[in-house]
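Quick note: numbers below take in every heavy atom, side chains included, and nothing from hydrogens, waters or symmetry partners.
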Amino acid sequence: MNFWEIIIYSIIQGITEFLPISSSAHLFILEYLFDWPISGRTMAISAHLGSLFAVGIYLKKDLLEILYSYGKFNYFKENHHILLIRNIFIITIPILIIGLFIFKNLDKELLSLNIIAWASIIGASLLYISDNYKGEEKNIYSLSIRNSLFIGFFQVFALIPGASRAGMIITAARILKISRIDATKLGLYSGIPTILGAMTIETIWLFNNIISKQEIIPIILVLVLSFAFAYLSIGFIIKWLKNYTFLPFVIYRITMGIIILYLINI
């Protein structure tokens, strides 16, 4: 990658990681257009780390409250922060297990423009339907173990490029009538262990490869830019959802899917 390609990669990764539009789909399209090597794992690790820092800083108040909650074991059942951690753990289990032992063997088969296009269209349609469910909205702390497993198995579909991890989490949460903002926050919380898992897989690859000194500056640049744009992206969607719906993201994903299908079939 040259300097400008690194900047484009970082900006796209930062913006799309926590929006319901699939970062993996956008990065694969960029790799296809620019003929980037798929094996650029060092950039992926830096981008994920930057996104992780963005979530940590944006949710720092809530995360500090959660850490403080662990000193109150006598009130486990009454402590909603601890119950939230339990639910995040349950939500994460399916994607870690299936991602490690099944889907990681299907990377090449899943990385195709046709699959990305259909996953984007179907995922967007499900998001639209779930976002228009009527009924009294619940908060993020009302989730039961069964609800969390339901969301966790929904998240597994995010292993298909184009489906969107954030989109699948939000869709499942909206089906359960979780409010839009809390559904989005659930995507942020669940992103922490999921991103850590992805980084672990990528780091294992990295240990078998040598990083040259020439890669240090690009790695730092990717980390900083991914962090900055991920933070701005999180702030944007939280503010947006105070007054609006997910409809623009739905329209964008369906349009992107249709354009991809058209281009690969002409």
Side-chain angles (χ1 to χ4, degrees), residues 1-55 57 104 107-117 119-120 123 158-167 191 194-237 249 252-253 255-264 266:
M1 289 186 188
N2 62 39
F3 177 76
W4 290 108
E5 288 175 343
I6 289 172
I7 290 179
I8 293 171
Y9 178 94
S10 306
I11 292 173
I12 296 299
Q13 163 65 23
I15 291 175
T16 60
E17 180 67 41
F18 300 108
L19 297 182
I21 57 176
S22 180
S23 62
S24 60
H26 285 78
L27 293 179
F28 178 77
I29 292 170
L30 285 177
E31 290 169 348
Y32 180 84
L33 292 175
F34 290 101
D35 194 27
W36 290 340
I38 302 293
S39 60
R41 299 289 178 88
T42 53
M43 299 304 164
I45 293 172
S46 299
H48 280 135
L49 187 58
S51 300
L52 196 63
F53 284 153
V55 176
I57 291 178
K104 273 299 164 182
D107 274 355
K108 293 181 180 179
E109 288 79 1
L110 291 173
L111 283 173
S112 77
L113 290 174
N114 191 56
I115 289 178
I116 286 173
S120 183
L159 292 166
I160 303 172
S164 172
R165 188 198 62 80
T194 304
I195 291 173
L196 284 173
M199 285 179 60
T200 300
I201 294 171
E202 290 157 357
T203 303
I204 291 172
W205 177 92
L206 191 62
F207 277 131
N208 297 318
N209 296 270
I210 300 173
I211 302 177
S212 65
K213 292 182 179 179
Q214 288 79 10
E215 289 182 288
I216 299 299
I217 292 177
I219 287 171
I220 294 173
L221 183 60
V222 169
L223 191 154
V224 172
L225 288 175
S226 296
F227 161 77
F229 281 93
Y231 187 85
L232 292 173
S233 177
I234 294 168
F236 162 75
I237 192 169
F249 305 102
Y252 172 79
R253 290 179 65 186
T255 302
M256 180 178 73
I258 292 173
I259 291 173
I260 292 173
L261 289 174
Y262 173 76
L263 292 175
I264 63 178
I266 58 174

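The backbone N or O of I15 sits less than 3.5 Å from a side-chain atom of S233, completing a donor-acceptor pair. In this structure, the side chain of R253 engages the main chain of A163 through a donor-acceptor pair within 3.5 Å. In terms of modelled atom types and a separation under 3.5 Å, the side chain of S23 and the main chain of T16 share no donor-acceptor contact.
F53 is linked by a ring-ring contact (aromatic ring centres under 6.0 Å, His included) to nothing, counting only residues two or more places apart in sequence or in another chain. Partners of A117 according to the side-chain contact (heavy atoms from CB on, under 4.5 Å) rule, which considers only residues two or more places apart in sequence or in another chain, are I260, L261.
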- For M256 and I21, what are the C-alpha separation, side-chain angles and deciding distance, and is it a side-chain contact (heavy atoms from CB on, under 4.5 Å)? CA-CA 10 Å; M256 180 178 73; I21 57 176; over 6 Å; no
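Minimum heavy-atom separation, Y231 to A54: N-CB, 3.6 Å. The two residues P161 and S24 come nearest to each other via the heavy atoms CA-OG, 3.5 Å. Across all their heavy atoms, A119 and I160 have their closest contact at CB-CG2, 3.9 Å.
With rounding to the nearest 0.5 Å, the separation of CD1 in I8 from CG in L27 is 12.0 Å. In this structure, I220 CD1 and I6 CD1 are separated by 11.5 Å, a value rounded to the nearest 0.5 Å. Atom-to-atom distance recorded for E17:CD and I234:CD1 is 9.0 Å, nearest 0.5 angstrom. Separating the CZ atom in F28 from the CG atom in L113 is a distance of 5.0 Å, to the nearest 0.5 Å. For the atom pair CD1 of I195 and CZ of R165, the computed distance is 6.0 Å after rounding to the nearest 0.5 Å. To the nearest 0.5 Å, atoms OG (S164) and NE2 (H26) are separated by 9.5 Å.
The aromatic rings of F249 and F236 sit perpendicular to each other, their planes meeting at more than 60°, with 30° as the lower class boundary.
Between F227 and the choices I57, L232, V55, L49, the side chain to side chain contact (heavy atoms under 4.5 Å, CB included) rule is met once, by I57.
Counting only heavy atoms from C-beta outward, the side chains of F229 and S10 never approach each other to under 4.5 Å. Residues I237 and P20 form a side-chain contact, since some pair of their non-hydrogen atoms from C-beta on lies under 4.5 Å apart.
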